There are 2 protein chains.
Amino acid sequence: MAILGFLRDFPLHGYDLKNRVASLAGHVRPVADGTLYPTIKKLEDAQCLTRRTAPGSVAAPRHMLEITQTGTDQLRRWLRDPEPGFLTDDNKWYVLLAFLHHLENPREQALVLARRREFLDTPAQLFFDEHGAPIPPERLDSPFRKGLMQIHRSTNLTEIDWLDRQIAELNRRAGFTATAKDRA
Amino acid sequence: MAILGFLRDFPLHGYDLKNRVASLAGHVRPVADGTLYPTIKKLEDAQCLTRRTAPGSVAAPRHMLEITQTGTDQLRRWLRDPEPGFLTDDNKWYVLLAFLHHLENPREQALVLARRREFLDTPAQLFFDEHGAPIPPERLDSPFRKGLMQIHRSTNLTEIDWLDRQIAELNRRAGFTATAKDRA
DNA sequence: TCAAGATATATCGTTCTCGAGGTAAAGAAC
DNA sequence: GTTCTTTACCTCGAGAACGATATATCTTGA
């Protein structure tokens, strides 16, 4: 998803892509060569991207990669109907969010945000005692677990707040578009 | 790490462990049977844990798992000197944090928190233009990328704040311990 | 001139993880 | 009594990811 998402902005070569993917996802999360290049080849085989060799501006020749219509469609499908992990795993979710603007319809964008919002609403219970009964934060003896739950709650609230404002804004825009269409 | 960390609290059987690991890490991140059971076996082979069969309280018989001294030592090594990924990957970091209290020395605990703190201090640059120049949040046209960076900054500040307070508290306690030792 | 270092792409073997499938025991439902 | 569901454990094959390794190009500087 990150490969196609970046290529949708403008053509890039593998090495550049590698650095961009690495800096994405909140912090630097390096992607191994052994992961990146086979994945590029796989996407090429699936006709999601094309490559043409270009002279390297600094050193060795590059393979400039360009997304195709097939690739764009694939990217949009991934964005529109994300696998569960993309909603529940923060790392994956942030990757998705970084490319959600490629899903041009504001109503569809709002739907995806709403699914994340729904997930964040289900309260996470992290720790349990010997008998499987949940332990509330104030009964935790480890300050680290207390901090973990504090941070977790705080960051969740921050994101929920943003999601709500964003969903409202998107629906407003979707409404305008619909009205404009209705009038036409 | 999560397996040994939970077992350090009290003995558990695989099925219970599975549920606890799943609810850890911020939200529910299910672990497949095909991952859990081979890992338990691997830890058993490495003599990090022992198992004894017990009658199931509800249904099928269980294998109660208990951590050994070898296992405890291994867990402490992982906590004391975490692999880079455990500091840079939020998911992994939160797992580590959930068990950091098993590293009994407050000075060592503070050192681990300081390494995370140091990582959070390096400003994350997420997006770049065609020429590789960083794009500041206000110049981003995607509201999702804007939100992403906002949320990221906000959650980072929350965690940094907590880390600083926690490190100060741990060093205070380490100081007391040292003074007490010096006096003796 | 020639070695060093950054750029750039690719492969290979190992390890990790998942998901599907299978086994089994106990209690509940019918 | 028989089936269903939940609990509980385990294995296997497929696919993903990594780290090491190899190769080639261009610039810089000793």
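Computed from a predicted structure; not experimentally measured. In what follows, chains are A, B, ... by sequence order, proteins preceding strands, each numbered from 1.
- Considering A/Arg76, A/Arg77, A/Gln69 in turn, A/Gln69 is the only one that fulfils the side-chain hydrogen bond (donor to acceptor under 3.5 Å, both in side chains) rule with A/Asp73.
- Between A/Arg62 atom CZ and D/dT23 atom P there is a gap of 24 Å when expressed in whole angstrom units.
- Across the protein-nucleic acid pair, A/Tyr15 atom OH and D/dC26 atom P stand 16 Å apart, rounded to whole Å.
- Between A/Lys42 atom NZ and C/dT9 atom P there is a gap of 20 Å when expressed in whole angstrom units.
- The local environment of CD in A/Glu169 is crowded, with over 12 non-hydrogen atoms from other residues, nucleotides or ligands closer than 6.0 Å.
- Geometrically, A/Arg20 does not engage B/Phe128 in a cation-pi contact, judged by NZ or CZ lying under 6.0 Å from the ring centre and within 45° of the ring axis.
- Taking every heavy atom of residues 31-40 of chain A and every atom of DNA chain C, pairs under 4.0 Å involve A/Asp33, A/Gly34, A/Tyr37, A/Pro38, by number.
- Atom CG of A/Asn91 and atom P of D/dA17 are 13 Å apart (whole Å).
- Annotation: the terminal axes of the helix from C/dT1-D/dA30 to C/dC30-D/dG1 meet at 10°, where each axis is the rotation carrying the C1' atoms of four end pairs onto the next four (5 pairs per end, rounded to 10°).
- Atom CG of B/Leu17 and atom P of D/dT7 are 16 Å apart (whole Å).
- Here the side chain of A/Thr155 pairs a donor or acceptor atom with the backbone of A/Ile151 at under 3.5 angstrom.
- Between B/Asp45 atom CG and D/dC10 atom P there is a gap of 12 Å when expressed in whole angstrom units.
- Ring to ring, B/Phe99 and A/Phe144 are not that close: their centroids are 6.0 angstrom or more apart.
- Counting to the nearest Å, the C1' atom of C/dA25 and the NE2 atom of B/His13 are 14 Å from each other.
- Scored by the side chain to side chain donor-acceptor pair (under 3.5 Å) test, B/Glu130 finds no partners at all (sequence neighbours excluded).
- In this structure, CG of A/Leu12 is placed 14 Å from C1' of C/dA8, rounded to the nearest angstrom.
- Picking from C/dA10, D/dT7, D/dT25 the nucleotide with the shortest atom distance to the side chain of A/Pro61 gives D/dT25.
- Minimum interatomic distance between A/Leu103 and A/Gln109 (heavy atoms only, all atoms of both residues): O-NE2, 2.8 Å.
- As judged by a 4.0 angstrom heavy-atom cut-off over every strand, A/Lys41 is placed among residues touching the sugar-phosphate backbone only.
- In B/Gln125, the CD atom is crowded: over 12 heavy atoms of neighbouring residues, nucleotides or ligands sit closer than 6.0 Å.
- The CD atom of B/Glu159 sits 7.5 Å away from atom CG of B/Leu97, with the distance rounded to the nearest 0.5 Å.
- Not one side-chain nitrogen or oxygen of A/His63 sits closer than 4.0 Å to the OP1 or OP2 atom of C/dA8.
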